[in-house]
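The analysis underlying the following values was restricted to heavy atoms, covering all of them including side chains, and did not include hydrogens, waters or symmetry mates.
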Number of protein chains: 2
Amino acid sequence: MKSFRCAGRLRAIESAETESNNGKAALSSQPGTRELIEREVGEVFVRAARLVGVPRSVGDIFGLLYVSSEPLSMEQIRTRLDMSLGSASQGLRQLRAFRAIKVVDVPGERRGHFVAEPSFRRLVSGFIQEEIRPHLESGQERLERIRELVARMPPEEQAFYRKKVDQLEKLHRTGDRLLPMLVSLIKI
Amino acid sequence: MKSFRCAGRLRAIESAETESNNGKAALSSQPGTRELIEREVGEVFVRAARLVGVPRSVGDIFGLLYVSSEPLSMEQIRTRLDMSLGSASQGLRQLRAFRAIKVVDVPGERRGHFVAEPSFRRLVSGFIQEEIRPHLESGQERLERIRELVARMPPEEQAFYRKKVDQLEKLHRTGDRLLPMLVSLIKI
DNA sequence: GCGCCGCTTCATTTTTTATTGAAATCTTTT
DNA sequence: AAAAGATTTCAATAAAAAATGAAGCGGCGC
């Protein structure tokens, strides 16, 4: 049977239940409440991911780790989110890249397990470092190049373009100043 | 001949030249300097657009309007950026939606002409209003729903999930506070 | 009111991006 | 050092997003 999805990845409820909770929760609440919560929280992060231009699978993984009370292995993640090996691997790599998750050792388990970074501040900071900064930098280079082009214009037209480039550079610097400030204001 | 593109839309240089400058610039500088500048500045905005998840055509249009010294009609934009009617129309609509451009009347011309909003502050503000806010709001609703689900959990497990939801809500409110603050710090 | 011009909409096509799963690589265990 | 297990990579496929252009609308001048 091929996987299907709609507004949040459907999880394999039975196996999730037994895997994640030492079996004790299997009959503790109405059948699917936990799964419903996990799914909804997952969706929160999927939306957030889309908002900042990250693939949904990445948001999905982070969401699951965020609501999980214990570290999960890649295989557990893969199974519960019903996603392919490749996606899981790449998603985890990306999340590690901007320090949204950490690898922890679970005694007795061989493979690495993952937990969500509990500090949103660090999460946002990592994201900015990894995804925003490079753009700002390449933008700076481009502006330099444009300045050189402007210098080649006939003098009476230079003023106009120079003003534009100045503005752009000002905006650019504003971003440079503001982003770290923004991060420092996140207190979670 | 079909249009082609690479790292920024190629413009029809000849026609752009005569259209945009009353013909006087046609021989005032090295053949393509102005076009080179326009192209590079355009690229700045295309990158910015991609960064915030807006289609490249939108960034392209805004970039062109930004470096243009006079208002341009949709047809002029369409021609100089070599894009389809539909794209131009939709792009302009989107730009208007978050007040990145304004419609001006050019005496003697029948159709509406467009200029770029000169204040980046207002531009960013409009973008946030239009693109970010709705997401924050729907997120809020989702969190409410999750709270209700948590209330249905067995008591000993509620604490864990409630803490998670509390954190999410805190982050959410942080965003709510921070975004306007961020806008107010842009001075351009 | 009629026809024209410019704009918008929308079904279709194209392009881009993400997902998949099998093969290659690297790791640990025996 | 061999074998098994886990992870990464990558070429192929599937899904999503954006561009296109023709058909439809609406206002303006005649």
Side-chain angles (χ1 to χ4, degrees), chain A residues 1-10 45-47 49-62 64 71-97 101 103-114 131, chain B residues 1-11 42 45-47 49-62 64 71-97 101 103-114 131:
Chain A
M1 163 196 157
K2 209 71 209 71
S3 76
F4 81 103
R5 75 184 54 160
C6 62
R9 225 176 262 265
L10 256 28
F45 287 103
V46 168
R47 301 297 203 83
R50 319 236 62 224
L51 185 61
V52 299
V54 163
R56 64 169 296 132
S57 57
V58 171
D60 233 334
I61 296 173
F62 184 82
L64 175 58
L72 300 176
S73 71
M74 183 166 123
E75 175 57 19
Q76 289 173 312
I77 292 167
R78 208 191 69 67
T79 307
R80 291 175 71 173
L81 296 180
D82 185 26
M83 69 172 40
S84 71
L85 257 176
S87 274
S89 173
Q90 286 192 186
L92 286 170
R93 156 210 282 291
Q94 201 166 342
L95 285 169
R96 249 170 334 188
I101 60 177
V103 189
V104 297
D105 275 345
V106 174
E109 288 288 344
R110 190 135 81 75
R111 45 200 174 182
H113 284 56
F114 303 91
E131 303 280 286
Chain B
M1 163 200 158
K2 210 69 212 68
S3 74
F4 82 102
R5 73 184 57 160
C6 63
R9 224 176 262 267
L10 255 27
R11 291 171 187 96
F45 287 102
V46 167
R47 300 300 203 83
R50 318 235 62 223
L51 185 61
V52 300
V54 163
R56 65 169 295 133
S57 57
V58 171
D60 232 334
I61 296 174
F62 185 82
L64 175 57
L72 299 177
S73 72
M74 181 166 125
E75 176 56 21
Q76 289 174 313
I77 293 168
R78 208 191 70 66
T79 308
R80 291 176 71 173
L81 297 179
D82 185 26
M83 67 173 41
S84 71
L85 256 176
S87 275
S89 174
Q90 286 193 186
L92 286 169
R93 156 208 281 290
Q94 202 166 342
L95 285 168
R96 250 172 331 189
I101 60 177
V103 189
V104 297
D105 276 344
V106 174
E109 287 287 345
R110 193 134 82 73
R111 45 201 175 182
H113 283 57
F114 303 91
E131 304 280 285

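- In the set D/dT20, D/dT7, C/dT8, D/dT7 carries the atom at the smallest distance from any side-chain atom of A/Leu85.
- By the 4.5 Å heavy-atom criterion applied to side chains, A/Val52 and B/Val52 are not counted as neighbours.
- A donor-acceptor distance shorter than 3.5 angstrom exists from the side chain of B/Arg78 to the backbone of B/Met83, with no hydrogens or angles considered.
- Distance from the side chain of B/Arg50 is smallest for C/dT17 among the nucleotides D/dA19, C/dC7, C/dT17.
- Among the protein residues, A/Arg78 comes within range of no part of the nucleic acid, since none of its heavy atoms lies under 4.0 Å from any strand.
- Nearest to the side chain of B/Ser89, among C/dT9, D/dT9, C/dT20, sits C/dT9.
- With D/dT20, C/dT19, C/dG6 as the choices, the nucleotide that has an atom nearest any side-chain atom of A/Arg56 turns out to be C/dT19.
- With A/Ile61 as the partner, the side-chain contact (heavy atoms from CB on, under 4.5 Å) test is satisfied by one option alone out of A/Val46, A/Leu95, A/Leu72: A/Leu95.
- The separation between B/Gln94 atom CD and D/dA17 atom P is 13 Å, rounded to whole Å.
- Residue A/Leu72 contributes atom CG, which lies 17 Å from atom C1' of D/dA6 at whole-angstrom precision.
- Toward the 5′ end of DNA chain C lies the nearest nucleotide of B/Gln90, the other residue of the pair B/Gln90 and A/Pro55 mapping further downstream.
- Between the P atom of C/dT9 and the CG atom of B/Leu92 lies a distance of 12 Å, rounded to the nearest Å.
- Remark: side-chain polar atoms of B/Gln76 are paired, donor with acceptor, to backbone N or O of B/Ser73 under 3.5 angstrom.
- A/Asp60 has its CG atom 14 Å from the P atom of C/dA18, to the nearest Å.
- Although no hydrogens or angles enter the test, the distance criterion places no donor-acceptor pair under 3.5 Å between the side chain of A/Gln94 and the main chain of A/Gly91.
- Proximity note for B/Arg111 (side chain, C-beta onward) versus D/dA6, C/dC7, C/dG21: the nearest is C/dC7.
- In this structure, B/Ile101 places its CD1 atom 14 Å from C1' of C/dC7, rounding to the nearest Å.
- Sequence order on DNA chain C of the closest nucleotides to A/Val54 and A/Gly86 puts A/Val54 first from the 5' end.
- Protein atom CE of B/Met74 is 14 Å distant from nucleotide atom P of D/dA19, rounded to whole Å.
- Dashed line: the shortest gap from a side-chain N or O of B/Ser84 to OP1 or OP2 of D/dA19 is not under 4.0 Å.
- Between B/Ser57 and D/dA19 there is a side-chain N or O to OP1 or OP2 distance below 4.0 Å.
- Regarding A/Met83, its CE atom lies at a distance of 16 Å from the C1' atom of D/dT7, rounded to whole Å.
- Between B/Ile61 atom CD1 and C/dC7 atom C1' the separation is 14 Å, expressed in whole Å.
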